[in-house]
Amino acid sequence: MVIDLVLSNAKIYTSSGIVTAGVAIENGRILRIAKEANLPQASHTLDLHGHLVLPGLVDMHVHLRDQQLAYKEDFVTGTSAAAAGGVTLIADMPNNIPPTTSATSLRERARLAENHIFVNTAFYSAFPEDLAQLPSIVKEKAIGFKVFLSNEIGGFDTEDNNLLTRAFTQAANLNIPVAIHAEDKKTLENAEQEVKKTCRTDVKAHLETHPAIAEMKAIQRIVQLFENTGGSLHLCHLSSAIGLTSFLAAKKQGLRITCEVTPHHLLLSNKHSKRLPRLTLVHPPIRTLEDTKALWNAVTNRQVDSIASDHAPHTIEEKTTESIWDVKPGIPGLETTLPLLLNEVNKGHLTVPDLVRMTSEVPARILKLKDRGSFKAGCYADLVVIDMKQKHEIDASRFHSKAKYSPFNGWKVKGKPIRTLVNGRLVMDEGEIVAKAGTGSIVS
Ligand code: NCD
Ligand code: ZN
């Protein structure tokens, strides 16, 4: 038997430690991981020269844009950025133009993406105004429902408790997770009114319009509404110590609840936002050093389920408007997430198994993705090869994303993704995209 590909000289993490082995790949999946002498012959061999190989990242929070927001990012540039960053699967958020909020819009978005994606792509939907449409959206392969509590998508009223509870119950019955951007709308509106009265334009003024208490209130409200539905609730981008406390309390109560944190909320605090007020502007905002410490503490204690980028690209013009109030919120993160996290591994702040758990295994489990996110025989060969020793400087001008800026630009880090394989095919080699668009699959 001659199989498709063997990765030779790979350094592999197993439950019993690091071993040097080969990986046999056939029909896009991992056939076997074993000493090379025990692997079948392959038509191609890729020598990994003793580099570490891990499951590719499953980034469960990506704004891929395209369609009428293609000027910010499109399927080609966004998924190239993913491949360059060692991300092999992304879950796309629904706040697009047109918004993903019906079976028709989802089908059209998937159709447009199909031949343009370099990594596997899944789609969230927003809740439709008419909840009777939920089953058809799930049938069209929505991976989950996303709710922006502070920023409605389509006509769904997120202030209506009754409607939310019915939506959560239906999602639970359809066995599909709900992901929440947890910032309480009324709290933000009141805070904004107060702050804008003072005509302030400093970065602290923006932070005051998105107080941590808004995160806490939103979580507490949603947890109450979710409590008796039996469904799975996922909290996106936790940013504050008090938000985290509310999440942990809900978990203790026995709710099926998970959370994600982003590299920017872990690594940036007000000293960075003072220096780069516009490029660090994001929702929820970059907060205090104490908040980052609480988030790190939760990472270390294995209380954080996933790390996602919340890749939210905008044009540089949209990020550098004169008034701070006009700056579009969001940070491009697909090409910095893994290098930043590998640097934390090298610094001893994170272990490789914890990294893999939060960036691949658990996100795949939350999104109920079959045979993805794990490095074992039978799973898809979605892999990233890593040079743990390579020191490099983050250079946003070389991003594949259309958003060629980053608050991390110029950061010196150690550890780099050097190759990415998607469905058994080499997609990124030393920073270059080497596969055809369409190598990624639409997944659900
Ligand atoms: C997101 C975007 O740009 O789509 N921005 C962000 O700051 N995270 C939307 C959002 O989550 O508010
Ligand atoms: Zn969000």
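As the structure is a prediction and not an experimental result, all values here were calculated from the model. Order of listing sets the numbers, starting from 1, for every ligand and every atom in it.
Inclusion of His63 in the set of residues having an N or O under 3.5 Å from an N or O of ligand 1 is warranted. Residue contacts with ligand 1: Ala312 is placed with no nitrogen or oxygen under 3.5 Å of a nitrogen or oxygen of the ligand (distance criterion only). When only interatomic distances are considered, the shortest N/O to N/O separation between Asp310 and ligand 1 falls below 3.5 Å. Considering backbone and side-chain N/O of His181, one or more are found under 3.5 Å from N/O of ligand 1.
Contact analysis puts His314 in contact with ligand 1, with a non-hydrogen atom separation below 4.0 angstrom. At least one heavy atom of Val282 sits less than 4.0 Å from an atom of ligand 1.
Our summary of the site lists the angle at the Zn ion (ligand 2) between ND1 of His181 and NE2 of His237 as 90°, to the nearest 10 degrees.
Atom-to-atom distance recorded for Ile257:CD1 and His234:NE2 is 10.0 Å, nearest 0.5 angstrom. Note that CD1 of Ile286 is 11.0 Å distant from OG1 of Thr288, once rounded to the nearest 0.5 Å.
Nearest protein neighbour of atom 5 (N) of ligand 1, counting heavy atoms only, is Pro329 O, 3.2 Å. Ranking the protein heavy atoms by distance from atom 9 (C) of ligand 1 puts Asn95 ND2, 3.8 Å first.
In this comparison of His283, Arg65, Lys328, Lys72, the heavy atom closest to atom 3 (O) of ligand 1 sits on Arg65.
Partner Trp296 forms a side chain to side chain contact (heavy atoms under 4.5 Å, CB included) with one of Val261, Leu266, Val304 and no other, that one being Leu266.
Look at Arg398 and Glu335 and you find no salt bridge, because none of the NZ, NE, NH1 or NH2 atoms lies under 4.0 Å from a carboxylate O. Between Glu189 and Lys186 no salt bridge is recorded (no basic side-chain N to carboxylate O distance below 4.0 Å).
Contact of the Asn175 side chain with the Val138 side chain is not registered, since no non-hydrogen atoms from C-beta on lie closer than 4.5 Å.
Of all atoms in ligand 1, listed by their number and element, those nearer than 4.0 Å to a heavy atom of Gly330 are 6 (C), 7 (O).
Judged by the 6.0 Å distance and 45° axis criteria, Lys146 is positioned over the aromatic ring of Phe148.
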